[in-house]
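Letters A, B, ... are given to chains in the order of the sequence lines, protein chains preceding strands, and every chain is numbered from 1.
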Amino acid sequence: MSSKGHEAKAARIRELLETEGDAVATNTRGFNTGRYESVAKLDDYQRLRQEAREIKEDAIERLPELLEELTETVEANGGTVYVAEDAADANRYVAEVCEARDAERLVKSKSMTSEEIEVNDYLQARGVDVVETDLGEWVLQVADESPSHIVAPAIHKSREGIAALFNERFDPDEPLETAEELTMFAREQLLERIKGADVGMTGANFLTADTGTMALVTSEGNARKTVTVPDTHIAVAGVEKVVPSVEDLQPFVELIGRSGTGQDITSYVSLLTPPVESPTVDFDDPETPITEGSPDREFHLVLVDNGRLAMREDDTLRETLYCIRCSACSNTCANFQSVGGHAFGGETYSGGIATGWEAGVEGLDTAAEFNDLCTGCSRCVEACPVKIDIPWINTVVRDRINRSGDAGQFDFLVDGLTPDAESGGGPELQKRLFGNFETLAKLGSTFAPLSNWVANAGPVKGLLERTVGVDRRREFPAFQRETLVDWFDDRDSRVPADPERKAVFYPDVYTNHMLVERGKAAVRTLEALGVEVVVPRAPGAGRAPLSQGMIATARSKAERVADALGPYVEDGYDVVVLEPSDLAMFREDYAHLLPAEAYEPLAEHSYEAVEYVYGLVANGADADALASAGGPASVAYHSHCQQRTMGLAEYTVAVLEQRGYEVTTSDVECCGMAGSFGYKEQYYDLSMDVGENLGEQFRSLEADHVVASGTSCTDQLEDLLGDPPRHPVELLAPDGGD
Amino acid sequence: MTAEPYDRFASRAADFGVEVTRVAAADASSTIETLVERPAVGAALPWADVTLPEDVRTDPTPAELDEAVTGVTAAAFAVADYGSIALRATPDGTEPVSLFPDRHVAVLREADVLPDMAAAFDRLGETFRATYGSAILATGPSATADMGELVKGAHGPKAVDVVVVR
Ligand code: SF4
């Protein structure tokens, strides 16, 4: 992207932050908090997720067979099935049904698949009055806006905004104001339209092959009316919605509301085996009992392919088809919470998983528009009820986008920095700069402190902003002349007489070149607990290139890390890691990058530093060898997003409390910096908006110590609070005198 | 989940703002009577020992549906863990009767209170494969938060009562 492109993107994000940001933030955070509370009530939450995952894996594996069974069942029930190749095909069929029924009005309940094919426009152009009956969708229809969230489409609109819209458009006798008034007004308006409807259209959350039953998960009751009142029902659903049997619906029904809006269950789960036996309600004939009307119902199931069957053949995109569109990945995403689906979304879908949907349904170009907004923080991974590795989908699609792009005009600046040329067009310059941060860091340490003055000097900052889009409001981190490895090499050996364990401390790029003090603290802490520590030279973990979608570069780093650390692991050493994003590489991402025989031993023997401390103490090491609070002292602790996803934040809290600190943890999903994200000029404002939640909480805590586990969180907190936080291990390390 | 299914059902339904009353079969009709606000429509109850009040209109016309304040129907079963009731889509109109009026009174046999969703879907699977029928799992009244805060009665009933007959 050019500098102009960056500016335009930054301007668009600023505008959305201002106009829609508040409503989106309040609503998504409410849903997200609700999710935590609601899933906590389930004893068997993890088992249900596993079951849901397995059902989807199996269903997509057997998709052709299940679609055949579904088709036979629906047709035996008296319905019609049409498999539409693409949007145009689906729309043509729907229009034909409407024409055959002489339909003047079609009422719809909310369906993302129908948004995807844009059936409303198609029908309206052919003289059919299409009315959305979901209140949120109707608001958008009246306002002529597009959904900003896959479950709550009008999440970006405030009550005041809706009231102003209705009052202007409908000019009611008394101006509408409260949510109650607005809802009742909409209900009445929509009831009148439903009464005169000829066709009802729904989506389907799930379809069962054994009985031809569809599940519709709703709260308002509009889907029920849409199906019951008119005699013709068209359901539009993606082919991926089929599951084998009615019993398979159970885990999904238990998970979908909890995961999305934090409701244990939504008001209505319609389980319909159309044509349904309920009598139609013909308001054109108001005096004839409904049971005497003609029960002559027509049902059409339109199964939409539109790229899905090809996604099924694609090793990465296939997982997208497991998605049940619950919206948890949107609600838990710090970037989404700030800016919503109008920035973090494509033609139809929004949030983290939208990259998979849009890449599969629309193509790479559409996904490229917003894919960068996924920072890989991984908070959505534990939220997703079907355990989709959403960040990985984003990474792979980013890699494909990189390869499809044109090489930029400032190549000369980073060419020397690209050890492994990505084939094809190559990622844009900004991505390559951040992707090769390790090379920069090495240069930075060699030339420190000169490199720090130069990097933060006005002219260089201006150049960096213009050429590669590094926001000039960010300070570059300070490189240290003496790296951690140099320090360790120059220091006298401190091998304990009879070491309890042997550990190799992994000198990640940030600890080694910039945050050297935290590395020293970690080494001293481990030694104080009787561990024999070595700090070898080791390559970067590959997190930086992976986050830019440079998978080949990340893979070659992973291979070199495995080469460097593998022999230690074989020799009985544990691997202790300070930087959570690198530990996540070893434990999670390397599964994608390395053969199992290299990945598994490393993943199994790698520990986060304070997790390791916890384990040592739990196994008898003397905690009193560590520093302690030495009196009442409070700590504000921001764990790293990936550290939380790995379930490791608790150890830090426990150890700090054991050492006498009173610990408060942050309640945000991510600090907003997320590696290089916050340095990019097009995302600076968003990053600061996300970070402000953390800043606000920590300022109000007025804690004696502020600590953070990750490097980017450290940078972000420094920008937010003025002072750099320390790493928790720095509160634990005994004085070392070196 | 140690509580009896009924108790658990009643307490979960209450979480969603549903009033649950447990009565002996002999008292069921009079209990329903007290809960019904007129005009009322209904779908006949499938039990010999419990009947709808006389003036509850079964086989309603669209106009009567529209005007009714209360709809009375049977519920096929309930799910204790969730406070949900299952409403079958029957030819005599359980679906529209339970949907259009502002108040829904559902009548349920205590023996049909199932402990959890697994039991509910076992029953649904069995029934659907035999009948190819339809049912609504309804939990609490109709609701929406689309207008800025939670409002009850978006398109469906604003209030739900459940009478559990022993
Ligand atoms: S990817 Fe997972 S969390 Fe996101 S909408 Fe789909 S099912 Fe929900």
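- When each of B:G153, B:G140, B:A138, B:A143 is scored by its heavy-atom pairs under 4.5 Å with chain A, the top score falls to B:A143.
- Note: A:T273 OG1 to B:F128 CZ = 5.0 Å, rounded to the nearest 0.5 Å.
- With a 4.5 angstrom heavy-atom cutoff, A:M214 does not touch chain B via any of its atoms.
- Looking at A:N77, the atoms closer than 4.5 Å to chain B (heavy atoms on both sides) all sit in the side chain, from C-beta outward.
- The main-chain N or O of A:Y45 is never found under 3.5 Å from a side-chain atom of A:R49 such that the two would form a donor-acceptor pair.
- The residue among A:L272, A:T213, A:T73, A:T211 with the most heavy atom pairs within less than 4.5 Å of chain B is A:T211.
- Neither the backbone nor the side chain of A:F185 comes within contact range of chain B; no heavy atom of the residue lies under 4.5 Å from a heavy atom of that chain.
- For the set A:T208, A:V229, A:D210, the count of heavy-atom pairs under 4.5 angstrom toward chain B peaks at A:D210.
- Only the side chain of B:K158 comes within contact range of chain A, judged by heavy atoms closer than 4.5 Å.
- A 6.0 Å sphere centred on CD of B:E126 holds no more than 12 heavy atoms belonging to other residues, nucleotides or ligands.
- Using a 4.5 Å cut-off between heavy atoms, A:A186 contacts chain B through its side chain alone, with no backbone atom that close.
- Interface summary for chain A: among B:G83, B:A120, B:A86, B:A118, the most heavy-atom pairs under 4.5 angstrom belong to B:A118.
- A:K225 contributes a side-chain N or O that, together with a main-chain N or O of B:H155, makes up a donor-acceptor pair within less than 3.5 Å.
- Interface remark: A:N27 contributes no atoms to any contact with chain B (heavy atom separation under 4.5 Å).
- Looking only at heavy-atom pairs under 4.5 Å with chain B, the residue among A:I162, A:L191, A:N222 that has the most is A:N222.
- With chain A as the partner, the residue from B:P141, B:S142, B:G156 showing the most heavy-atom pairs under 4.5 Å is B:S142.
- Only the side chain of B:F16 comes within contact range of chain A, with heavy atoms under 4.5 Å apart.
- Looking at B:S84, the atoms closer than 4.5 Å to chain A (heavy atoms on both sides) all sit in the side chain, from C-beta outward.
- Within the 4.5 angstrom heavy-atom criterion, no atom of A:I155 approaches chain B.
- Taking both residues in full, the closest heavy atoms of A:V139 and A:L165 are given as O-CD2, 3.7 Å, listed atom of the first, atom of the second, then distance.
- Under the 3.5 Å distance criterion, with hydrogens and angles disregarded, no donor-acceptor pair is assigned to the side chains of A:T280 and A:D282.
- Contact count versus chain B (heavy atoms, under 4.5 Å) is highest, among A:V253, A:V246, A:L249, for A:V246.
- In this structure, chain A has heavy atoms under 4.5 Å from both the backbone and the side chain of B:P157.
- There is no contact between A:V227 and chain B, counting heavy-atom distances below 4.5 Å.
- Within 6.0 Å of the CD atom in A:E177, the count of heavy atoms belonging to other residues, nucleotides or ligands does not exceed 12.
- Taking B:G148, B:A145, B:P96 one by one and counting their heavy-atom pairs under 4.5 Å with chain A, the maximum is reached by B:P96.
- Looking at B:L150, there are no atoms closer than 4.5 Å to chain A (heavy atoms on both sides), in backbone or side chain.
- No donor-acceptor pair under 3.5 Å is formed between the side chain of B:R38 and the backbone N or O of B:V69.
- Between A:K195 and A:E192 there is a salt bridge, with a side-chain nitrogen of the basic residue lying less than 4.0 Å from a carboxylate oxygen of the acidic one.
- Each of B:E149, B:E95, B:K152 has some count of heavy-atom pairs under 4.5 Å with chain A, and the biggest count is that of B:E95.
- Chain B forms the most heavy-atom pairs under 4.5 Å with one residue out of A:G136, A:G161, A:S219, A:A154, and that residue is A:S219.
- Judged purely by atom type and a 3.5 angstrom limit, B:T70 uses its side chain to pair as donor or acceptor with the backbone of B:E37.
- Under a 3.5 Å cut-off, the side chain of A:Q141 and the backbone N or O of A:E132 do form a donor-acceptor pair.
- Residue contact with chain B, scored on non-hydrogen atoms closer than 4.5 Å, involves the backbone of A:T266 exclusively.
- Contact of A:L216 with chain B is not made at all, since no heavy-atom distance falls under 4.5 Å.
- Between chain B and the options A:A215, A:P153, A:S270, the largest number of non-hydrogen pairs under 4.5 Å is found for A:S270.
- Salt-bridge check for A:E220 with A:R187: failed, with every basic side-chain N at 4.0 Å or more from each acidic carboxylate O.
- Contact check on A:K110 versus B:D146 returns no salt bridge, with no Lys/Arg side-chain nitrogen under 4.0 Å from an Asp/Glu carboxylate oxygen.
- At most 12 non-hydrogen atoms from other residues, nucleotides or ligands lie less than 6.0 angstrom from CG of A:D22.
- In A:E160, the CD atom is crowded: over 12 heavy atoms of neighbouring residues, nucleotides or ligands sit closer than 6.0 Å.
- Residues from residues 52-68 of chain B that place a non-hydrogen atom less than 4.5 Å from a non-hydrogen atom of chain A comprise B:R57, B:D59, B:P60, B:T61, B:P62, B:A63, B:L65, B:D66, given in numerical order.
- The pair B:R22-B:D27 fails the salt-bridge criterion, with no side-chain N (NZ, NE, NH1 or NH2) lying under 4.0 Å from an Asp/Glu carboxylate O.
- When only modelled atom types and interatomic distance are considered, A:T218 and A:R224 share no side-chain donor-acceptor pair under 3.5 Å.
- Judged as a salt bridge (charged side-chain N to carboxylate O under 4.0 Å, His left out), the pairs with a partner in residues 246-274 of chain A (not counting sequence neighbours) are, in order, A:K41-A:D264, A:E247-B:R129, A:R258-A:D264, A:D264-B:R12.
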